[in-house]
Structure formats: structure tokens, C-alpha cells
Amino acid sequence: MSPAPTDVPDTARRRAAELHALLHHHAHRYYVLDAPEIPDADYDRLFQELQALEAAHPALLTPDSPTQRVLGQVLPGLAPVRHAVPMLSIRTETDTTAAGALAFDARVRRELALAPDDPPVRYAVELKFDGLAINLRYERGVLVQAATRGDGETGEDVTHNIRTIGQIPLRLLGETAAPPLLEVRGEVYMRRDDFERLNERQREKGGRTFINPRNTAAGAVRQLDNRALADKKLSFFAYGLGDVQGWVQPPTHSATLDALAAFGLPVSAERAVVAGAEGLVTFHARIAAQRDALPFDIDGVVYKVDEIALQRRLGFVTREPRWAVAHKYPAQEQATRLNGIEIQVGRTGKLTPVAKLEPVFVGGTTVSNATLHNVFELRRKGVRIGDRVIVRRAGDVIPEVVGRVPEARPHYVPNFRMPRQCPVCGSAVVREKGGIDHRCSGGLFCAAQRKQALLHFAGRRAMDIEGLGDKLVDQLVDGGLIRTLPELYKLGVAKLSALERMADKSAANLVAALEKSKATTLARFVYALGIRQVGETTAKDLARHFGSLDRLIAASEDELLQVRDVGPVVARSIRTFFDQPHNVEVVEQLRAAGVHWPEHEAALGPQPLAGRTLVLTGTLPTLSRDEAKALIEAAGGRVAGSVSKKTDYVVTGAEAGSKLDKARELGVAVLDEDGLRALLAGG
Ligand code: IVH
């Protein structure tokens, strides 16, 4: 449905059609393939040009126009949609062991009347996404309707919301003509990072946090007002078909998904075709091992007989196909008892209420502690000691209490209150006006902060003191051996050997590691101090900008603002840190203890890359990424993570990805390792 109305000048009509094609193409590169070919600003320009054309010639405005992903549509209610082909569910195998897969294969073979020596059945195996099932109806390639599953026969029309999801094509792509009718089925879901970001923003605002990505996605899709989706980034994976007319479906499920991907629909890359029960078991185990590292929640894997002809032979029982099964993994949410609440004190003094739980198996491990984030959130969730609560553990995110199971409390339990004094050091607990976080005001007098500060100081990217881990730090601080950072360097073998479980050899090793750590760089040292808001990159920028610690200590907020990427919050935090006399004292004592770094001028030598920003992509023939980065930084350059107009050079190696495309698009100079070496040599 390219714009073809009559009363519009030919040139406008042609340009609109061109813009449609361009914008659909670039939206697919950006949202689905995650490999944009043009900068965002160029996309915006094309978009605005089309908007202007449509404003001048309203007849050009068609439902598949890329401008139609608009927010601000409000419906009085969701209209019912009768599914042309019912949306079935799949049988769930709740036995999470390999037996679940074996049972499915055995059943399929029996129902197909296969003999034991017949070849193994081929299965399409995929992930079971944890979101909301959606039917997308494309007529002649244009998305005309999106509906929820509902009861399987009748769902709800949610087109206005689905249109806002960038990953869902408003128009099918492809060389061949789009089929007259193609219904695509799949799952709308929310990535874990998008979910965490949403909740992080909610917490900053002091607003309600969301329970889990699935509920958030499902809730968002069913909103009447699609402005509710503005702050919720949703994603989509296609996994099957609904009604189809005038299109010859490929002979296998796997090839069908390939065809959907070619139409521009997002299809998960984590899928395969495997042979027999053994293939199912291997896939189940492989995905189980990867589950935490996936960017989104799954609650299992799905096995489907790959050949459509075999699927037809197997048919259905009541509302479930005989050719598919969902094989579950352990749940990522569980109910358990909240036995108590403890306060944890972090490196910056932040007090976090931590739930002490009746141990519970969730997301594949036993959890007995979970974060409650802050007291306001705890109140909002209405959680009190003794309640049954829901614990969520998904991916690498720390386990958290997401809510309580509503049930009567046998007796009155008071609301939890934050302590007025730090439970570790007794210093006053303070909260910034209007802020959410409570903090211990004890600074490095507080053992908890001292422990965290020591661990940070000793970290690999800071002073890199090998062998100084949490157990030892606990012993050193609790045993009163260390009160301030500089005292670390006064530890001798004798003192250390007196510690429990510390052999002479380990003590000697630690003393050697301490000695070795004294020779460092200014950037590492600044980072090691643990100044709030100063991460590794900022520390490097500060070191490069000021060149000497004394100049950094003396810098005013205005001067700090001159440093690349340093904003008012960071500048203020740095100034505040050095305004505390005891912090400057710590710095002086560390220097007196022998911590040193090459001072700027002496250390730098020639700086052929001063002020230049480089981006690394792909594998270089001889240099590791860290080595290349170190060389570039030693030459005064900076390594950035993504290509932009500010990038001076992109250094590429084998299997370079979209960064190379982007460099070409932006006309950024591209080098290989030899080219980089020439630059470093001042060429
Ligand atoms: S196929 C006839 N494949 O799980 C088969 N479903 O009861 C129809 N789901 O709510 C479903 N990932 O939304 C299929 N890879 C996948 C899936 C999947 C998640 C959901 C689906 C439905 C439930 C199945």
C-alpha cells in the first residue's frame, strides 16, 4: 500500500514512496538486526521529511506509513477480535530433567507409528519466551491488526500499542510480493536491561516499581492509552503462523521462521534443528547453561516437529498440538517467608535493607538473601517481617523481593524503620532532602565502608593487589589491623601471619603484592580512591587532563567541568571529596607509604594520539583488545565503545561488525593493526 492517491503531485507521491522504503529499511536495520547503517540524526531527518509531506498532503498518510508509530492514541475499550485460526497453547512438560524430553520424543514416535530402527525425528527447537502471545495480521504486506490471544478463540485488538514497538514491521520487507494474507504469531516481551532501567527510573522518581518483565510487557500491551508505553521498551519474537492465504508455506517449521525473518520480523537466533531425543536433551541442557546470560527471561524451551507434513499427521488433542511441547526450567520467582530484615552498608555508605529469607530454590539456585532496595519501596510493597513474599532471581541480577503474598497476618507487625544509627559503626544515618537513599555519615570510620573501600582499592582495575579478597579484608578490618587505606602498606609478614588461617607463605605473597602495587598510574590511583561518580573512564580522563594529582586536587568545579564527559554532578562529587581534609590526608599518607606513578610530563613521552578518539572492532592479528587499548591510551588517545561523528579512527580486525559499517557510513577513517602501529609511531 504505497501512497498512490490521485490528488497529490507526482513528485510528492514518488518521494513519499521512496521515504517509506528507506525508513522501513533503516528501522529494520536498527530495531531488528541491531546494525544501523545511518546515524540516528539522518533517520530523524528522513522521518521529518515524510511527516512534512504527509502534513502537506494528508492523502499520503497510509496506515503502513513509518510515521504511524504514534503515541497519544486513547481507546474507550479494547475491541474483541475473533481469531481466524484459534490461538492454541502447548502442552507443558513440567519434569525439568532430561526425562521430559525423552517422554515427548517417545510419544511422537508412538503416534507416528515409527519403528525403533526408523531414523530419528527432526525437531525445530527454540526458546520459550516469557511474555504475551500476539497475532499480527498482515494484508498485502501491511500490518492491519494486532490482537492478544485472549481465550484462544477471541482476543483483544491492541494494534495501537503494537504499532509503537519498533521491532515490529508496519510493512513486510522482501524482494517478492507480499502474500495477500499472512498472520504471524509471536511473543511480545521486555528485555531484562530495559526492565531494570525502567525500575531504576521509577526508584529515582520514588514511583511504583514493576514486578517482572512479563507482567510489565503484558500490562503495557493491554493499555487503552498508548502513551503508557512511552517509557517501556518492548521487544518481539515471531515463532509461528496464524491464518495464511496466497502464500506457500515452506515444508518445515524452521524454514518458515527463516521466511519470517526475511520478511523483516525478529526471529530469535537461539534456535536449531536437532535429531531425536538426544538432540532435545542436548539443547535443553545447552540453553539451561546459557539461561542467565540471555538478555531476556525464558521459562523453558519449546520442541516442535520440524516437518509440516508430520505435524499434520500428528494433529491436535483438544486445544493442544500433538507435535509440540514446552519443556520448563526452574521458576525465576518463588514464594517464601521473610524471616527478618538486615541493613547492608555499601562503599559509599548507602544503607540497603536486605531480606533474610527462608531458603528457597529459585532461578536455579538456593536464595536466602534478597535486596529490598530502599525503605520507601519496601513500604509501597507493604512487606513486613513474617510475611510470605515473592522472590525473583533472573540472570545475573541480584535476587530481589518483588512483593508479598496477600494473606492475613496472625498478629500485628510494625512497619520496618530505617535505623537512625549505622548498624556497623553507630554514626548518624542521613538522608538528603527529598532523596530516597539513607546513608551512614561515618565515611571511612565505618568498618563496612572501610571494607568496601579496601576491596575497591585492591581491585584488579584499581591498585591490583593480588590476594586481597573479602575474607581477608573482613579479618583485617574486624581484627582492627586496618582503619585507613594507608595502613595497608604497614602490614608486615609478622602481623599477617598472626591472622587465623594465614600461612607464612600467603603472608609473604600478600606483602609482595602490596609492594608491587605501589608502582601504579595516576588514573588507577584516582579510580582506587573510590570517589563517588568517578569510574575507571572518568579517572583516566581526569589523569590525562590534569596530568598530576596536585593539579587535580586543586581543580575548581569549573576547571573540572572542562574535562571530557565530566558534568556538574561528577565535578561536585570530586570537589567534595578533596574538600574533606581527611581524604587529602589519606592521599598524602599513601604517597608517603611509597605509592607512586610516573608524573605526567616525564611519563608521557610523545603523544601522537592526544585528543583523538578511536574505536576498536573485530579481532586484531597480534594485539589483544586490552593491549591495543593500553597502547592507544599511552599515546594520549581514547578508546570509545561506539562510532559517532566524534570518532577519529576505527581500527578493524577479523570479523569486524556493524561498527565498520557505521564508520563507512560516517566517513570515519578505517585502519588495520598496521595502520594503528604507524599512528602510534607518530606516522
Ligand atoms: S508455539 C501451537 N513457540 O507459550 C503452538 N509458543 O502455550 C503455539 N510461547 O502463550 C505456540 N515461546 O505465547 C510457541 N517459541 C515458542 C514460544 C511460545 C513462548 C508461549 C506462547 C503461549 C505459550 C504456549
Side-chain angles (χ1 to χ4, degrees), residues 83-94 100-101 104 108 123-136 146-156 158 162 165 167-168 183-191 212-215 217-222 234-244 249 252-258 260-261 265-274 280 283-284 286-287 290-291 294-308 310-329 331-332:
H83 296 299
V85 173
M87 285 183 83
L88 303 173
S89 56
I90 22 181
R91 227 176 66 82
T92 301
E93 181 56 74
T94 43
F104 173 62
V108 166
Y123 296 104
V125 291
E126 29 193 84
L127 306 180
K128 186 168 188 303
F129 315 108
D130 206 4
L132 181 72
I134 289 288
N135 184 68
L136 304 174
T148 62
R149 174 166 178 270
D151 63 4
E153 300 288 335
T154 308
E156 289 168 318
V158 290
I162 294 302
I165 303 176
Q167 282 196 335
I168 295 184
E183 284 189 353
V184 177
R185 287 177 178 173
E187 199 89 347
V188 170
Y189 67 97
M190 196 172 195
R191 288 170 54 104
N212 59 38
R214 184 199 48 226
N215 293 4
V221 165
R222 302 189 57 255
L234 300 179
S235 302
F236 178 81
F237 278 132
Y239 55 61
L241 296 177
D243 198 9
V244 173
Q249 186 188 347
T252 60
H253 176 76
S254 51
T256 303
L257 293 191
D258 294 340
L260 293 184
L265 287 146
V267 175
S268 167
E270 296 301 335
R271 61 190 173 104
V273 178
V274 302
L280 300 181
F283 184 72
H284 187 261
R286 176 164 78 77
I287 298 299
Q290 269 171 249
R291 186 186 185 192
L294 290 173
F296 45 83
D297 284 1
I298 58 168
D299 56 349
V301 286
V302 179
Y303 311 139
K304 297 171 182 172
V305 171
D306 195 31
E307 209 173 304
I308 307 295
L310 288 187
Q311 289 189 359
R312 298 231 163 87
R313 259 173 68 193
L314 285 158
F316 301 84
V317 258
T318 52
R319 328 213 50 202
E320 296 167 350
R322 283 206 190 83
W323 44 263
V325 74
H327 194 185
K328 297 275 249 184
Y329 290 126
Q332 289 174 322

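Here, residue 1 is the first one in the sequence, and each next residue gets the next number. Both ligands and their constituent atoms are indexed starting at 1 by order of listing.
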Pair F296-F237, ring pair (Phe, Tyr, Trp, His ring centres under 6.0 Å): steps then yes or no: CA-CA 11 Å; F296 45 83; F237 278 132; 5.4 Å; yes
Any residue meeting side-chain hydrogen bond (donor to acceptor under 3.5 Å, both in side chains) with R271, in chain and number order, not counting sequence neighbours: D258
Main-chain N/O of R185 paired with N135 side-chain donor or acceptor, under 3.5 Å: no
Kindly print each ligand 1 N/O atom paired with any protein N/O atom under 3.5 angstrom away, one pair per line, or none if nothing qualifies.
residue  : atom   : partner : partner atom : Å
ligand 1 : 3 (N)  : K304    : NZ           : 2.9
ligand 1 : 4 (O)  : K128    : NZ           : 3.3
ligand 1 : 7 (O)  : I90     : N            : 2.9
ligand 1 : 12 (N) : F129    : N            : 3.1
ligand 1 : 13 (O) : E187    : OE1          : 2.3
ligand 1 : 13 (O) : Y239    : OH           : 2.6
ligand 1 : 15 (N) : E126    : OE2          : 2.9
ligand 1 : 15 (N) : L127    : O            : 2.9

Validation row: E126, L257 side chains within 4.5 angstrom (heavy atoms): yes
ring-ring contact (aromatic ring centres under 6.0 Å, His included) against Y329, all qualifying residues, sequence neighbours excluded: H284
Sequence neighbours excluded - salt bridge (charged side-chain N to carboxylate O under 4.0 Å, His left out) pairs with any residue from residues 310-320: E153-R319
